[in-house]
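Here is the naming used below: chain letters follow the sequence lines, and residue numbers restart at 1 for every chain.
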2 protein chains.
Amino acid sequence: MSVDSDDCLHKSRQMPRLTRQQRTVLEVLQQLAQPISAQSLYKTLRQDHRSIGLATVYRSLEVLKLQGLVQSRINRQGESLYSLVQQDQHYLTCLKCGQSTPLDSCPVKHLERQLQQSASFTIYYHSLEFFGLCQPCALLD
Amino acid sequence: MSVDSDDCLHKSRQMPRLTRQQRTVLEVLQQLAQPISAQSLYKTLRQDHRSIGLATVYRSLEVLKLQGLVQSRINRQGESLYSLVQQDQHYLTCLKCGQSTPLDSCPVKHLERQLQQSASFTIYYHSLEFFGLCQPCALLD
DNA sequence: TATTGACTGATAATGATTATCATTATATCT
DNA sequence: AGATATAATGATAATCATTATCAGTCAATA
């Protein structure tokens, strides 16, 4: 999860931790603290007059994901929503209306520690999602 | 989870539980017991000379999902992979190479029962996924 | 300052999914 | 059984997020 220089044993050339564009994208996500699509992020930056090319937005998000700083989640429309990796995410998602309700409880930390110790995998974050029907949708049928 | 007639209090017209096409799609998934994309399913059926229109494949999968019989999962290429709802799914997914390793342990059943009893949501299945770097990818960097 | 490799931006290409619409199938009613 | 109404289907066009491409830019080292 940390991105200390210790973790970054680059081969030859030393590049800045994150480029300007990558930092801009990260800042937007930090201010938002709300999942946002790449397209929306792109438009937001245009309106702010700090335009970044759309392709670069996508590339930056990919880099930030690889750093474990950002996570994504695909919504009902099939677009990826990006957000900071701050807390793990737990949802109750209705198969009919698509609404996702966040949950509080996280019963998974323990397992995560176990897996972490198995040492063959470095866990950045996890996601737990329950699928079914919310009451209104269940009653419709 | 059950699709007994008791559950299906239809308004006026009584339709068959599932149409021929929907049953065909379900059969393929039952035989496969392997997640498959809608496109692949479509091609598979063409080769078997039991062609179904591509749009109908998508529609059937949607119906089966709403019945709680089928679940989907989006892979790295952004395509949905469909499979039977048989067991809950738990993955260890590498952010770099995209490889997903299934897990055995399920620490979530208890929480699921709790949520089930809160009665405002009917849970069909759940999904638990850990994201990070597998050892080979972690070493690359 | 020249070199070199990665990053960027504009835009075209890709490809899965969805919308449309004429046609077909099927349940219900007579 | 036949008529009717409604939902399902199939072919295809349209949509739209994401990726690929490529020429131009930037920045770190020598």
- request: To the nearest Å, give me how far apart CG (Leu54(B)) and P (dG15(C)) are.
  value: 15 Å
message: What contact category does Glu79(B) fall into here, base, sugar-phosphate, or nothing, at under 4.0 angstrom with non-hydrogen atoms?
response: sugar-phosphate
query: Expressed in angstrom and rounded to an integer, what is the separation of Leu66(B) atom CG from dA7(D) atom P?
result: 16 Å
message: Heavy atoms only, 4.0 Å cut-off, all strands: where does Ser80(B) land among base, sugar-phosphate and nothing?
response: sugar-phosphate
message: Tell me if a side-chain donor or acceptor on Gln117(B) pairs with a main-chain N or O of Gln114(B) at a distance below 3.5 Å.
response: no
message: Are Phe131(B) and Tyr125(A), when compared by the centres of their aromatic rings, separated by less than 6.0 Å?
response: yes
query: Between Glu62(A) (CD) and dA6(C) (P), how many Å, whole number?
result: 18 Å
- prompt: If you measure only the distance, is there a donor-acceptor pair under 3.5 Å linking the side chains of Ser100(B) and Arg73(B)?
  reply: yes
- request: Specify the separation, in whole Å, of atom CD of Gln77(A) and atom P of dC16(D).
  value: 11 Å
message: Please report the distance, rounded to the nearest Å, between CD in Gln21(A) and C1' in dA27(D).
response: 12 Å
- prompt: Hey, is the side chain of Thr19(A) poking within less than 4.0 Å of OP1 or OP2 on dC26(D), counting only N and O atoms?
  reply: no
No-hydrogen, no-angle side-chain donor-acceptor test under 3.5 Å, Thr93(B) and Glu129(B): yes
- request: In sequence, state the C-alpha distance, the side-chain angles, and the governing distance for Glu27(A) and Arg50(A), and then conclude on salt bridge (Lys or Arg N to Asp or Glu O under 4.0 Å).
  value: CA-CA 12 Å; Glu27(A) 278 165 23; Arg50(A) 346 182 240 165; 3.6 Å; yes
Separation of atom CZ in Arg59(A) from atom C1' in dC7(C), rounded to whole Å: 7 Å
message: Does dT18(C) have its OP1 or OP2 closer than 4.0 Å to a side-chain nitrogen or oxygen of Tyr58(B)?
response: no
task: Using only side-chain N and O atoms of Thr56(B), determine if any of them is under 4.0 Å from OP1 or OP2 of dG10(D).
output: yes
- request: Return the value, rounded to whole Å, for the distance between atom CG of Leu45(B) and atom P of dT9(D).
  value: 13 Å
statement: Between CZ of Arg20(B) and P of dA25(C) the distance, given in whole Å, is 9 Å
task: Let me know, please, whether Tyr82(B) or Gly53(A) comes out on the 5' side of the other along DNA chain C by nearest nucleotide.
output: Gly53(A)
